[in-house]
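Here's the structure, in structure tokens; my notes come after.
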Amino acid sequence: MMKNKMKVALFLAATMMVGSANVYAASNASTSVPQAKVAVSTAKPEKTSVSFDDRIKELSNKLKAGQMVAYYVADQEYNRLDEIYFTSMGFVNTKYADYVAKAKALNAPTLTKPSDLPKSYSFQNAIIYLKSPERTSSLYEKLDKELRAKAASGEKFVYSDIMKSNEASTAILNFDKGKVKLQVVASYIVPEQPMGGTPVPQKKPNEKKETIAINGVECIYTTDSKGRDHLDWVDEEQQIRYSIWAESAKSDVLNYAKKMIAK
């Protein structure tokens, strides 16, 4: 029962990540986890009451920790970019020492618990998300070719292939203080793929941003009147993006960031 609950928690956490305006910058359009579509699409394959998202969710639920599934939807209305996508089952660790060992083995982005947490916070768990193959990799090209070949000769709605991944893209540490939840995220930055047309800025009237310098590092604090606030910054090498999320706990977020960002 506990294992199933962890799977559900991981699945929901992925949905939240993708739905947060790509805050974590963990994946590009071709390698994003399908939960982004699960949250917004109700398209259904012809002659069935099951949606494409239901099919993809079924694939996700069958995965074991460390496994990844590549899938292709042969429907132009649903898959308008006509690309393959990936979703994976990462690792949930309730013991910090287990997380540290797993993060090292998977080369996860650096994210460690400060020796002195903000007052009254306690560690709950850590989540490690797996890295999807890059579009330019030979593995991506191989999977793309195989799944398209299956689609050309088959009658399924979703074509997939399960594999293992030995690399991580994102690490998350979860803490709480009573009802207050604080989440710290580190993700490798993936360069965005060029897109045709002129990008249209996304308007978010419920958000207010301010720049805050912490130990010489420029950070952006976003106040969200309809959700959780978050503080974001990137490391000196521009390789990892860090975010701290919490609802109505700005002082705690800033105190945690000061412990993370070295002087």
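Scope of the values below: all heavy atoms of this structure, side chains included, with no hydrogens, waters or symmetry mates. No experiment lies behind these values; they were computed from the predicted model shown.
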inquiry  = Please say yes or no: joined through hydrophobic side-chain contacts below 4.5 Å, possibly via intermediate residues, are L139 and I84 part of one cluster?
reply    = yes
* To do: Given side-chain contact (heavy atoms from CB on, under 4.5 Å), test F123 with K113 step by step and report yes or no.
  => CA-CA 9 Å; F123 172 77; K113 180 180 67 174; 4.3 Å; yes
- Mark yes or no for whether D235, through its side chain, and Q239, through its backbone, hold a donor-acceptor pair below 3.5 Å. yes
(message) With a 4.5 Å cut-off on side-chain heavy atoms, are L111 and V184 touching?
(response) yes
Within 45° cone of Y221 ring axis and under 6.0 Å: K250 NZ or CZ: yes
All heavy atoms of E134 vs all of S137, minimum pair found to be O-OG, 2.7 Å
field: Salt-bridge present (K62, E58; N to O < 4.0 Å)
entry: no
Those residues at least two apart in sequence (or on a different chain) that pass salt bridge (Lys or Arg N to Asp or Glu O under 4.0 Å) with D82 are R148
Task: Check: Q183 and I172 side chains under 4.5 Å, non-hydrogen atoms - done: yes
Starting from F52, can I reach L81 by hopping between I/L/V/M/F/W/Y residues whose side chains sit under 4.5 Å apart?
yes
Is there a donor-acceptor pair under 3.5 Å between the side chain of Q67 and the backbone N or O of K64?
yes
**Report entry** Heavy atoms from other residues, nucleotides or ligands near CD of E210 exceed 12 (cutoff 6.0 Å)
**Finding:** yes
Taking the side chain from S225 and the backbone from N206, do they hold a donor-acceptor pair closer than 3.5 Å? yes
Can you see whether K209 engages T222 through a side-chain donor-acceptor pair at a distance of less than 3.5 angstrom?
yes
Problem set entry | Min side-chain heavy-atom separation Y78-D53 under 4.5 Å | yes
Practice task
Using a 4.5 Å cut-off on heavy atoms from C-beta on, say whether the side chain of L182 contacts that of I244.
Solution key: yes
So, do L130 and F91 sit near enough that their side-chain heavy atoms are less than 4.5 Å apart? yes
In this structure, are over 12 heavy atoms from other groups packed under 6.0 Å from K259 atom NZ? yes
For residues I212 and L254, determine if any side-chain heavy atom of one lies less than 4.5 Å from a side-chain heavy atom of the other.
yes
Distance col, row I127:CD1 vs K102:NZ, nearest 0.5 angstrom, shows 15.0 Å
Any Lys/Arg nitrogen of R135 or E83 sitting under 4.0 Å from an Asp/Glu carboxylate oxygen of the other?
yes
- Task: May I have the step-by-step check of side chain to side chain donor-acceptor pair (under 3.5 Å) for D232 and Y242, ending in yes or no?
- Result: CA-CA 6 Å; D232 306 281; Y242 294 96; over 6 Å; no
CZ (F86) and OG (S132) are apart, to the nearest 0.5 Å, by 6.0 Å
Quick one: does any side-chain atom of N79 pair with a main-chain N or O of D75 as donor and acceptor, under 3.5 Å? no
Rounding to 0.5 Å, atoms OH (Y159) and CZ (R55) come to a distance of 11.0 Å
Exercise for the section: Taking D224 for its side chain and K226 for its backbone only, find out whether a donor-acceptor pair lies under 3.5 Å. Expected result: yes
Quiz item: Parallel, tilted or perpendicular: which fits the ring planes of F175 and Y256, with parallel below 30° and perpendicular above 60°?
Solution: tilted
Heavy-atom closest pair (P118 atom, D252 atom, distance to 0.1 Å) is CG-O, 4.0 Å
Does a side-chain heavy-atom distance below 4.5 Å link V73 with F157?
-> no
When rounded to the nearest 0.5 Å, the distance separating CG of L106 from OG of S165 is 7.5 Å
Sequence neighbours excluded, the answer for side-chain contact (heavy atoms from CB on, under 4.5 Å) partners of V100 is Y96
Step by step, would you call E141 with K145 a salt bridge (charged side-chain N to carboxylate O under 4.0 Å, His left out)?
CA-CA 6 Å; E141 294 178 357; K145 183 178 180 179; over 6 Å; no
Apply side-chain contact (heavy atoms from CB on, under 4.5 Å) to residues T170 and I128 and explain how you reach the verdict. CA-CA 6 Å; T170 303; I128 300 175; over 6 Å; no
(message) Under a plain distance cut-off of 3.5 Å, with no hydrogens placed, do E167 and N107 share a side-chain donor-acceptor pair?
(response) no
Distance under 6.0 Å and angle within 45° of ring axis: K150 vs Y72:
no
Side chains of W233 and I261 in contact at under 4.5 Å (non-hydrogen atoms) = yes
In terms of heavy-atom contacts, G227 and E247 come closest through O-CG, 4.3 Å
Rounded to the nearest 0.5 angstrom, the OG-CE distance for S88 and M68 is 4.0 Å
- Query: Should the heavy atoms of other residues, nucleotides or ligands under 6.0 Å from CD of Q238 be counted, would the total exceed 12?
  - Reply: yes
Heavy-atom nearest pair, S248 first then D229, reads N-OD2, 4.1 Å
Do N125 and Y99 meet the criterion of a side-chain donor-acceptor pair at a distance under 3.5 Å? no
TODO: For the pair V69 and M89, evaluate side-chain contact (heavy atoms from CB on, under 4.5 Å) and give the outcome as yes or no after the intermediate values.
DONE: CA-CA 9 Å; V69 61; M89 180 57 65; over 6 Å; no
Looking only at the side chains, is there a donor atom on one of S122 and Q124 sitting less than 3.5 Å from an acceptor on the other?
yes
Closest heavy-atom pair, P109 versus A186, reported as atoms and distance to 0.1 Å, is CG-O, 3.2 Å
Distance col, row T87:OG1 vs Y71:OH, nearest 0.5 angstrom, shows 7.0 Å
| message | With side-chain contact (heavy atoms from CB on, under 4.5 Å) as the criterion, how do D161 and L147 come out once you've worked through the C-alpha distance, each side chain's angles and the decisive distance to 0.1 Å? | response | CA-CA 8 Å; D161 190 9; L147 294 179; 4.3 Å; yes
